[in-house]
Amino acid sequence: MKTTDPDRVRKSDGPGGPGLPAQRTAPGTPPPSSEGQSKTGGTLNVFSHGVLVIWAFLVAMPLLWAVMTSFKDDKSIFDSPWSLPDRLHFENWSRAWTQAHMSEYFLTTIVVVAGSLIGTLLLGSMAAYVLARFDFPGNRFLYFLFIGGLSFPVILALVPLFFVMNNLGLLNTTHGLILVYIAYSLPFTVFFLTAFFRTLPTSVAEAALIDGASHTRTFFQVMLPMAKPGLISVGIFNFLGQWNQYLLPTVLNTDPDRKVLSQGLVQLAVSQGYKGDWSGLFAGLVMAMLPVLGAYIIFQRQVVAGLTAGALK
């Protein structure tokens, strides 16, 4: 005859559920509550949002003020710098575009940046893919050699670079400036894309090789499309750096007919003398900012996806 143990019943059918021991609490202990945690989380949210609002204000206000000032005349800029323009002076933009030769500087900059950006992404992705996917003697040495380029100040290379470009006949040429921009951007591109290619699955590349694809075809038709988020992210960063580059073209591009946009803005400010066409200068400044802002607004999702892809995988 079986007997029932009361203690066993209490242990097996406790408040935790059938088969679970009963949970005991000390006398006078209040039940656990999430009220304190919610208050702490709310305080942190308010603080973080407040910091973000202040940061957004500090970043957006100078941009909005520059845009607003570009539609004022010179007298309104100094008499009431923080007020809205009495009317939109579109002649500032037309004067900067035609008389200040901003159209020529703009076209030269587009040609130089487009050529250097394509070359940087092509060469950088090929080098990063080899370093990330293949093991060979000297792999790590080449990788750290590229990384060492990030720590080398470009200002130290200006004098020898000037003489090298002059001896090669590339001084004051568009293709010479493109080559220098590519060399200047390769270390960061290889560093970024090497880490990105390591996160991509190797099974897809192995399947392509088994199907008879060569390494070149596997790279261009399989792996490179998979690395699109990383390419867009590093492309945006290179675009920002190359578009705003001033030191390299100032030393290597002294021809007034081949000046880039950053040189054109300085030339516009210097050529004013004591007159000061400040409205035209602000109009030219906004013209130089618009492509950068537009590129980031259009590709901001891809930039975030490329930066977080390695962490998510």
Side-chain angles (χ1 to χ4, degrees), residues 101-131 142 145-194 219-220 224 227-228 230-268 284 287-296 298-299 303:
H101 307 288
M102 293 297 294
S103 58
E104 302 175 6
Y105 303 145
F106 210 93
L107 180 60
T108 304
T109 306
I110 290 178
V111 172
V112 172
V113 173
S116 60
L117 194 59
I118 294 173
T120 301
L121 293 180
L122 179 61
L123 298 177
S125 60
M126 294 171 67
Y129 177 74
V130 172
L131 293 174
L142 291 176
L145 192 63
F146 277 108
I147 300 303
L150 293 173
S151 61
F152 189 79
V154 67
I155 193 172
L156 297 180
L158 289 178
V159 175
L161 186 60
F162 175 86
F163 287 105
V164 169
M165 297 288 289
N166 189 26
N167 294 333
L168 294 176
L170 299 177
L171 202 63
N172 297 326
T173 60
T174 303
H175 56 280
L177 196 60
I178 290 176
L179 291 177
V180 173
Y181 276 20
I182 292 175
Y184 172 76
S185 305
L186 269 181
F188 173 74
T189 304
V190 172
F191 169 73
F192 187 93
L193 291 180
T194 300
F219 171 71
F220 283 104
L224 203 59
K228 182 180 177 181
L231 291 174
I232 293 178
S233 299
V234 75
I236 292 297
F237 288 123
N238 285 327
F239 173 76
L240 297 179
Q242 294 172 2
W243 185 272
N244 297 322
Q245 183 60 244
Y246 174 72
L247 190 59
L248 289 174
T250 300
V251 176
L252 305 175
N253 187 33
T254 57
D255 189 354
D257 296 332
R258 292 188 174 90
K259 288 186 175 181
V260 296
L261 199 56
S262 56
Q263 292 176 286
L265 289 175
V266 175
Q267 181 65 27
L268 178 59
M287 288 180 188
M289 291 192 307
L290 287 179
V292 177
L293 294 177
Y296 184 77
I298 294 173
F299 297 105
V303 171

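This is a predicted model, so every value here is computed, not measured. Just so you know, residue 1 is the first one in the sequence shown, and it goes up from there.
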Is atom [atom1] of [X] surrounded by more than 12 heavy atoms (other residues, nucleotides or ligands) closer than 6.0 Å?
X: L150; atom1: CG; value: yes
X: F219; atom1: CZ; value: yes
X: F239; atom1: CZ; value: yes

Show the nearest heavy-atom pair for residues [X] and [Y], with the distance to one decimal.
X: T120; Y: Y181; result: OG1-O, 4.4 Å
X: T189; Y: G124; result: CG2-CA, 4.0 Å
X: F220; Y: M126; result: CZ-SD, 4.5 Å
X: L231; Y: L121; result: O-CD2, 4.0 Å
X: I182; Y: S116; result: CG1-O, 3.6 Å
X: Y246; Y: V266; result: CE1-CG2, 3.6 Å

Are the side chains of [X] and [Y] in touch, meaning some heavy atoms are under 4.5 Å apart?
X: I110; Y: W243; answer: yes
X: Q245; Y: V112; answer: no
X: V113; Y: N238; answer: no
X: L248; Y: L161; answer: yes
X: M102; Y: L261; answer: yes
X: V130; Y: L142; answer: no

Say you draw a straight line from [atom1] of [X] to [atom2] of [Y]; how long is it, rounded to the nearest 0.5 Å?
X: M165; Y: L170; atom1: CE; atom2: CG; value: 4.5 Å
X: I232; Y: I298; atom1: CD1; atom2: CD1; value: 11.5 Å
X: Y184; Y: F152; atom1: OH; atom2: CZ; value: 12.5 Å
X: L293; Y: L240; atom1: CG; atom2: CG; value: 9.5 Å
X: L123; Y: L186; atom1: CG; atom2: CG; value: 6.0 Å

Does L131 form a side chain to side chain contact (heavy atoms under 4.5 Å, CB included) with F146? I'd like the steps, not just the answer.
CA-CA 11 Å; L131 293 174; F146 277 108; 4.1 Å; yes
Write out all pairs satisfying side chain to side chain donor-acceptor pair (under 3.5 Å) with one or both partners inside residues 151-177, taking only residues at least two apart or from two chains.
N172-T254
Answer yes or no: is there a donor N or O on one side and an acceptor on the other, between the side chain of Q242 and the main chain of S185, under 3.5 Å?
no
Step by step, would you call T108 with K259 a side chain to side chain contact (heavy atoms under 4.5 Å, CB included)?
CA-CA 7 Å; T108 304; K259 288 186 175 181; over 6 Å; no
Kindly assign one of parallel, tilted or perpendicular to the pair H101 and Y105, based on the angle between their ring planes and the thresholds 30° and 60°.
perpendicular
